[in-house]
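Here is the structure we will look at, set down as structure tokens.
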Amino acid sequence: MSYDLVWFKRDLRWQDHAALAQAAQHGPVRCIYVVEPELWLQPDAALQHFEFVRESLQALDDALRLQGGCVEVHTGELPDVLSRIWSEAPFRQLHAHQETGNGFTYARDLRVGAWCQAHNVGWHEYPQFGVVRVLKNRNLWQPAWERHMAEPVQDVGELRFWRQRASRNETPTEVRSAWCTPSQMQAPEHLQHNPPMRQRGGRHLALDTLHSFLHARSLGYRGGISSPLSAPDACSRLSAYLAWGCISMREVVQHTRAHIAQLPPQASRHRAGLTAFISRLYWHCHFIQKLESEPAIEWQNMHRGYDGLREHDFNEAHFEALKAARTGWPMVDACVTMLRETGWLNFRMRAMLVSVAAYPLWLHWRPVGEWLATQFLDYEPGIHWSQLQMQSGTTGINTTRVYNPIKQAQDHDPHGRFVRQWLPALRQVPDTWLFEPWLMPHTMQTHLGVFVGGDMNSALPQPVVDLAQATREAKQLLHSRRQTDEVKAAKKAVVDKHASRKNWGKRPSARRTSVATPTDKQQLGFDF
Ligand SMILES: Cc1cc2nc3c(=O)[nH]c(=O)nc-3n(C[C@H](O)[C@H](O)[C@H](O)COP(=O)(O)OP(=O)(O)OC[C@H]3O[C@@H](n4cnc5c(N)ncnc54)[C@H](O)[C@@H]3O)c2cc1C
């Protein structure tokens with residue numbers, strides 16, 4: 001009996017799973033996940049991602065077992081694994097979701113396509129987000145997003161699973177030797193970083209998170225998402241579940257719209273929060289579309305006119321201080337610490353970290369992005385690299401936004417609860433010096449027994465650079481590059497390819513009437 005093979009990647013769910021639903025229509029299915037050693041060797045991979053995948057696969061396996069099936073975990077490179085499976089028991093067709101991943105997955109998918117062609121196996125890839133493969137024109141993008149989200153959620157119904165039969169000479173254990181169950185998965189030894197307080201994987205947790213957000217936490221979305229104190233509750237916290245596919249984007253959009261529709265008229269704050277949340281769901285796919293349309297933005301500047309701006313000045317000491325949470329700016333160091341312990345940070349604080357890296361520390365976005373990719377449990381290449389470039393000023397279409405970490409602390413942590421929570425050395429420091437402890441008089445430092453110094457033994461580090469001066473110099477360098485004729489001339493091509501065409505979910509400015517918003521300003525539509 002032949003079967004169709006379903007290859008799970010970053011789509012670790014069984015509901016609204018187009019690949020599984022379509023495969024099931026053809027007859028028996030066999031479900032696999034492949035641990036690809038090369039993939040986990042990439043610089044953007046971390047142990048937390050592997051463990052989250054394992055947990056999500058465990059939930060998937062549990063659900064499939066209720067129907068008499070399972071998910072097989074194979075280890076090896078693709079298409080070698082396909083060859084092995086095929087030579088043991090040929091399959092008719094291979095089904096998977098489209099993936100807009102890093103350079104490795106892009107090249108691997110091309111190899112898989114070639115393998116399928118050579119073996120006369122049908123290769124079916126299905127979109128799982130509102131991202132359009134081979135998008136001819138950016139103007140067509142938003143209607144395509146709406147169509148995708150409006151389609152009915154795919155119910156996989158009852159599944160028939162393919163069963164492997166032992167040949168006469170094999171014991172059942174030998175038949176299974178080529179794969180293992182999710183609970184038997186072994187993380188590659190080199191993988192590091194698994195934050196103790198990170199979110200756990202699995203579809204049931206994704207659904208619980210969506211439920212608690214829609215019914216309670218989203219009341220705090222409006223006004224609550226910018227401060228790192230309120231954001232962990234006020235934000236949806238769905239990013240990791242969307243990134244690893246425990247829940248589909250369509251499910252989230254449809255549930256949210258249905259929830260908005262049944263809110264009473266007086267629930268205006270709740271409605272406004274959920275409407276703003278929907279605009280973030282557009283942004284999710286809008287940003288992934290950039291990488292889909294131009295995979296090279298993972299490595300090279302979106303606007304090539306910025307080439308050479310930071311590449312040759314990379315300061316390792318600055319980078320090490322940032323990673324070690326010892327820049328000397330409490331808000332920055334507290335955010336790095338929270339991220340290290342939880343695997344998550346809200347948008348504004350992510351933007352601030354990259355801004356500090358890109359401007360006063362003058363670090364190129366690529367190494368910073370590799371490090372942050374391992375720190376973010378929700379690492380999604382399309383959003384990540386586009387945001388890294390946007391916050392570093394290399395897209396050429398966004399207004400330069402430079403976040404001052406002292407002002408961010410004053411605005412979003414006025415009583416210092418956040419920095420004191422994550423930086424115990426600051427707990428004794430009075431409010432007056434909390435966000436600028438290097439200004440604390442020596443007598444006060446002696447009195448508290450907390451010293452600010454340049455060496456690793458000091459409880460509090462000196463700022464690595466003079467913030468005001470380094471930021472001024474960085475802005476000057478960027479702006480002088482922006483003024484060159486080459487940079488100005490090449491801007492239109494970037495706008496045509498990548499800029500948004502609509503001001504999703506943003507309230508119109510009272511002063512602006514029907515005049516179209518300049519595209520580069522629209523790109524900043526994140527803040528309330
Ligand atoms: C430098 C940088 C890197 C980032 N890297 C990632 C990443 O790797 N993966 C990731 O999912 N998000 C990334 N973001 C976007 C954003 O910070 C996170 O999506 C958000 O903090 C996740 O928390 P949440 O799910 O509670 O967000 P919510 O505010 O509840 O938003 C709901 C969903 O909308 C999407 N979304 C929210 N904000 C954005 C945004 N600005 N751009 C695109 N999509 C958005 C996410 O899928 C998110 O889960 C990055 C932002 C910056 C500044």
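Nothing here was measured: the structure is a model prediction, and the numbers come from that model. Order of appearance sets the numbers: ligands from 1, and atoms from 1 within every ligand.
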- Query: Nearest heavy atom to atom 25 (O) of ligand 1: which of S239, A234, C285 does it belong to?
  - Reply: S239
- Message: Among H286, R350, E380, which one puts a heavy atom closest to atom 6 (C) of ligand 1?
- Response: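 The residue whose heavy atom sits nearest atom 6 (C) of ligand 1 is R350.
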- Would you verify whether the NZ or CZ of R310 falls within 45 degrees of the ring axis of W365 while also being under 6.0 Å from that six-membered ring's centre? no
Of all the atoms in ligand 1, which lie at a distance below 4.0 Å from a heavy atom belonging to [X]?
X: L238; result: 25 (O), 49 (O)
X: D378; result: 7 (C), 8 (O), 9 (N), 10 (C), 11 (O), 22 (C)
X: L242; result: 47 (O), 49 (O)

- Query: Does a side chain donor of either H49 or Y379 reach within less than 3.5 Å of an acceptor in the other side chain?
  - Reply: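 H49 vs Y379: no donor-acceptor pair found between side chains.
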- Query: Quick one: do the R472 and Q476 side chains pair a donor with an acceptor below 3.5 Å?
  - Reply: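 Their side chains do not contain a donor-acceptor pair, so the 3.5 Å distance test is not met.
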- If you measure from OH on Y306 to OG1 on T395, what distance do you get to the nearest 0.5 Å? 7.5 Å
Mind checking whether [X] contacts ligand 1 via backbone (N, CA, C, O), side chain (CB onward), both or neither, at a 4.0 Å heavy-atom cut-off?
X: L345; answer: backbone
X: F347; answer: both
X: F277; answer: side chain

- If we only count N/O pairs under 3.5 Å, is Q391 in contact with ligand 1? no
- Item | Polar proximity ligand 1 side, R237 side, N/O cut 3.5 Å exclusive | yes
- Message: Could you check whether any heavy atom of A351 sits closer than 4.0 Å to an atom of ligand 1, since that is the contact criterion I want to use?
- Response: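 Under 4.0 Å: yes for A351.
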